[in-house]
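Below you'll find the structure, written out as structure tokens, and then a few comments.
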Number of protein chains: 2
Amino acid sequence: MATPATRRSPATEAWKLVGDLMATQRGWFLDVVREFELSPPQLFALRALEPGEATPMGDLAAHLHCDNSNVTGIVDRLERRGLVERRAATHDRRVKHLVLTDEGVAVRRRIETRLEAGPNPLAALDPADQRALRDLLRKAAAAQES
Amino acid sequence: MATPATRRSPATEAWKLVGDLMATQRGWFLDVVREFELSPPQLFALRALEPGEATPMGDLAAHLHCDNSNVTGIVDRLERRGLVERRAATHDRRVKHLVLTDEGVAVRRRIETRLEAGPNPLAALDPADQRALRDLLRKAAAAQES
DNA sequence: TATTGTTATACTCTATAACTATA
DNA sequence: TATAGTTATAGAGTATAACAATA
């Protein structure tokens with residue numbers, strides 16, 4: 001028998017509610033991915049690369065929670081589309097740095113805008129509740145980092 | 001230039017914080033998936049099938065946001081492992097119903113328990129904040145359904 | 001004619017192991 | 001010896017198109 005909702009801690013139930021909310025938005029998220037003609041890992045990679053920063057391939061692999069060997073192919077495809085470039089690192093010649101091209105930066109920005117403008121299930125709350133929720137989540141995020 | 005955090009609505013910032021929280025837990029989630037020797041779609045499929053209920057293949061495809069043809073393979077593998085069974089539907093002989101086996105029900109329950117017991121970034125909040133957060137999310141979920 | 005599930009096909013993601021060039 | 005990235009390989013997910021059985 002599953003734990004009844006009333007037996008779960010508020011944090012556990014809240015976490016489950018967060019998961020449910022995310023699940024309801026998954027279809028929309030996949031639509032955005034296809035709108036940009038990317039795959040989910042490719043879109044995650046673009047979001048992971050900060051404009052103006054140089055990211056080692058291995059760091060991207062860690063961010064994507066996959067093996068280094070996978071990143072080779074993912075970056076190959078982004079590079080072929082002119083969104084990313086590989087550059088030699090100066091301090092260690094084994095390392096290759098990833099840098100967004102100008103178009104990569106532009107596409108990344110359009111993606112961020114698109115995701116932010118999407119259907120937000122929290123917008124259904126009244127303004128006071130929205131602010132209260134935001135503040136609690138900020139607090140949780142801050143506690144998370146420590 | 002990106003929208004400054006202060007120019008975003010509280011709901012937008014809250015939604016972004018939710019996404020960030022989920023992202024920090026992705027590695028742990030993938031660990032659980034591998035612990036059960038499943039793939040993410042296979043685990044989502046098990047979670048979608050309610051014990052004692054018969055689910056048409058097409059309904060599962062809609063739930064997973066993929067084409068019907070993909071479900072054939074995903075279900076093949078779950079069936080080969082003895083977690084799911086295909087059954088003929090009575091009212092429409094084109095339809096095949098999916099039913100969890102006894103072992104499928106047991107594995108599904110273990111998965112739910114494991115996911116619920118996992119690291120919960122919201123547990124860092126004090127109890128009063130946890131309850132407040134839970135209540136706000138309940139409200140958002142309720143508003144979502146209408 | 002339209003729909004459900006399957007098959008065939010091509011592409012992408014994924015992990016593992018072996019390789020290279022560095023360190 | 002160890003590490004960063006690549007290549008080779010095999011298995012899995014994904015969409016599209018074509019198909020059989022059924023509606």
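Order of the sequence lines fixes the chain letters, A, B, ..., with proteins taken first and strands second; residue numbering starts at 1 for each chain.
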In whole angstroms, the gap separating C1' of dT3(D) from CG of N68(A) amounts to 10 Å

To the nearest angstrom, the NZ-P distance between K96(B) and dT6(C) comes to 4 Å

On DNA chain D, more 5' by nearest nucleotide between M57(A) and G73(B) is M57(A)

Test salt bridge (Lys or Arg N to Asp or Glu O under 4.0 Å) on R34(A) and D31(A); report intermediate values, then the result. CA-CA 5 Å; R34(A) 293 172 64 177; D31(A) 286 344; 5.3 Å; no

Ranking H97(B) and Q42(A) by the position along DNA chain C of their nearest nucleotide, the one closer to 5' is H97(B)

Testing dT14(D), dT12(C), dT22(C) for proximity to the side chain of I74(B), the answer is dT14(D)

Whole-Å distance, H91(B) NE2 to dA23(D) P, equals 10 Å

E85(B) atom CD is separated from dG5(C) atom C1', nearest whole Å, by 18 Å

Quick one: label N70(A) by what it contacts on the DNA or RNA (base, sugar-phosphate, nothing), any heavy atom closer than 4.0 Å.
base

In terms of side-chain geometry, is the basic nitrogen of E112(A) or R47(A) positioned less than 4.0 Å from the acidic oxygen of its partner?
yes

**Q.** Sugar-phosphate, base or nothing in reach of S69(B), heavy atoms under 4.0 Å
**A.** base

Under 4.0 angstrom between R34(A) side-chain N/O and dA15(D) OP1 or OP2:
yes

Heavy atoms, side chains only, cut-off 4.5 Å: are R114(B) and F36(B) in contact?
yes

Taken to the nearest whole Å, CZ/R93(B) to C1'/dT6(C) is 17 Å

Considering only heavy side-chain atoms of R94(B), the closest of dG5(D), dA15(D), dT22(D) is dT22(D)

Within the structure, does a side-chain N or O atom of R86(A) lie under 4.0 Å from either OP1 or OP2 of dT6(D)?
yes

| Would you say S39(A) reaches dT12(C)'s phosphate, i.e. side-chain N/O to OP1/OP2 under 4.0 Å? | no

Output for pair (H65(A) NE2, L30(B) CG), nearest 0.5 Å, gives 6.5 Å

request  = Mind checking D92(A) for me? I need base, sugar-phosphate or nothing, with any heavy atom below 4.0 Å counting as a touch.
outcome  = sugar-phosphate

4.5 Å side-chain heavy-atom contact, L122(B) and L21(B): yes

Between CD of E79(B) and C1' of dG5(C) the distance, given in whole Å, is 13 Å

Atom NE2 of H65(A) and atom C1' of dA15(C) are separated, to the nearest Å, by 16 Å

> Any side-chain N or O of T72(B) under 4.0 Å from OP1/OP2 of dG5(C)?
Replying inline: no

Here the distance between atom P of dG5(C) and atom CG of L64(B), to the nearest Å, is 13 Å

Result for 5'-nearest mapping on DNA chain C, choosing between P40(A) and P56(B), is P56(B)

